[in-house]
Every structure is written in structure tokens, then in C-alpha cells.
Asks: 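Below is a structure I'd like to ask you about.
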Amino acid sequence: MKALATSMILLLLTVATGAEEAAKPAIPAAYPEGRYGAAWSKNPFLLRVKHPEQTQADVLRDWALNGMAEYDGKVQVTIVNKQTGEFKRLTNHDGADAEFRLI
């Protein structure tokens with residue numbers, strides 16, 4: 001008798017949960033678009049940022065690298081002034097009083 005009562009309770013629970021599942025749609029509904037609004041507005045790839053202003057003047061803005069060579073442990077770099085066409089040769093053995101130095 002006890003086994004029959006347990007079987008009936010299990011049968012009723014199965015029918016009750018089956019009715020609840022039948023009431024739910026088979027395909028779940030999509031989330032509303034408003035849910036993602038905060039993520040879209042804070043997208044780091046679309047944010048415009050203000051670049052810091054350059055505080056120090058660029059002393060090499062008029063100069064361009066023309067060539068570079070190494071021979072017997074001595075590095076030589078040639079730079080050219082873009083506006084005047086003036087060439088300068090720099091080496092890693094130039095003194096501290098030179099206009100440009102290789103570091």
C-alpha cells in the first residue's frame with residue numbers, strides 16, 4: 001500500500017511539471033536590445049579620446065634618417081635636413097659637445 005501511495009505521488013508530480021513545461025514556449029525569447037545599450041555606448045573601440053598636447057618641441061622634426069652602417073665596432077648614421085638638404089654624419093664616438101649624439 002505504501003508503494004502504491006509513493007507511485008501515485010510521483011505520477012502526480014510528473015504530470016504537474018509536464019504541464020508547466022508545456023506552457024513554456026519551445027524556443028526562448030531573445031533579450032531586448034536595451035539590455036546591451038550600456039555596452040554599445042562604452043565600446044572602447046569607438047570612443048573618441050583627446051590626445052595630450054605635445055609639451056616639448058620635436059628637435060628632429062626637420063631631420064630624416066638617410067643611412068646607417070656599422071664598421072669595426074663604429075656605428076655611423078647619416079641624417080638629412082628635409083628643408084635645406086644639409087647632410088650630417090653622426091658616429092657613436094662623437095664627443096659630448098656635438099650637436100647630435102648617438103645613444
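All of these numbers come straight from a predicted model, not from anything done at the bench. Atom set for the values below is all heavy atoms of this structure, side chains included, hydrogens, waters and symmetry mates excluded.
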Asks: Supply the members, apart from V80, of the Ile/Leu/Val/Met/Phe/Trp/Tyr cluster built from side-chain contacts under 4.5 Å; use none for a lone residue.
Replies: F87

Asks: Working to the nearest 0.5 angstrom, can you tell me the gap between T78 OG1 and L90 CG?
Replies: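 With rounding to 0.5 Å, OG1 (T78) is 7.5 Å from CG (L90).
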
Asks: For residues 39-51, which residue pairs qualify under salt bridge (charged side-chain N to carboxylate O under 4.0 Å, His left out), counting only residues two or more places apart or in two chains?
Replies: none

Asks: Which residues pass the side-chain hydrogen bond (donor to acceptor under 3.5 Å, both in side chains) test with N92, not counting sequence neighbours?
Replies: none

Asks: Return each pair, listed once, that meets salt bridge (charged side-chain N to carboxylate O under 4.0 Å, His left out) where at least one residue sits in residues 66-91; pairs must be two or more places apart or across chains.
Replies: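 Qualifying pairs: E86-K88, K88-E99.
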
Asks: Who else is in the cluster with V49 when I, L, V, M, F, W and Y are joined by side-chain contacts under 4.5 Å?
Replies: none

Asks: Which pairs would a plain distance check flag for residues 31-41, meaning a side-chain donor or acceptor within less than 3.5 Å of a matching protein atom at least two apart in sequence or in another chain?
Replies:
| from | atom 1 | to | atom 2 | distance (Å) |
| --- | --- | --- | --- | --- |
| S41 | OG | G37 | O | 3.3 |
| S41 | OG | A38 | O | 3.1 |

Asks: Where is the tightest heavy-atom contact between Q83 and N81, given as atom of each residue plus distance?
Replies: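 Closest approach of Q83 to N81: N-OD1, 2.9 Å.
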
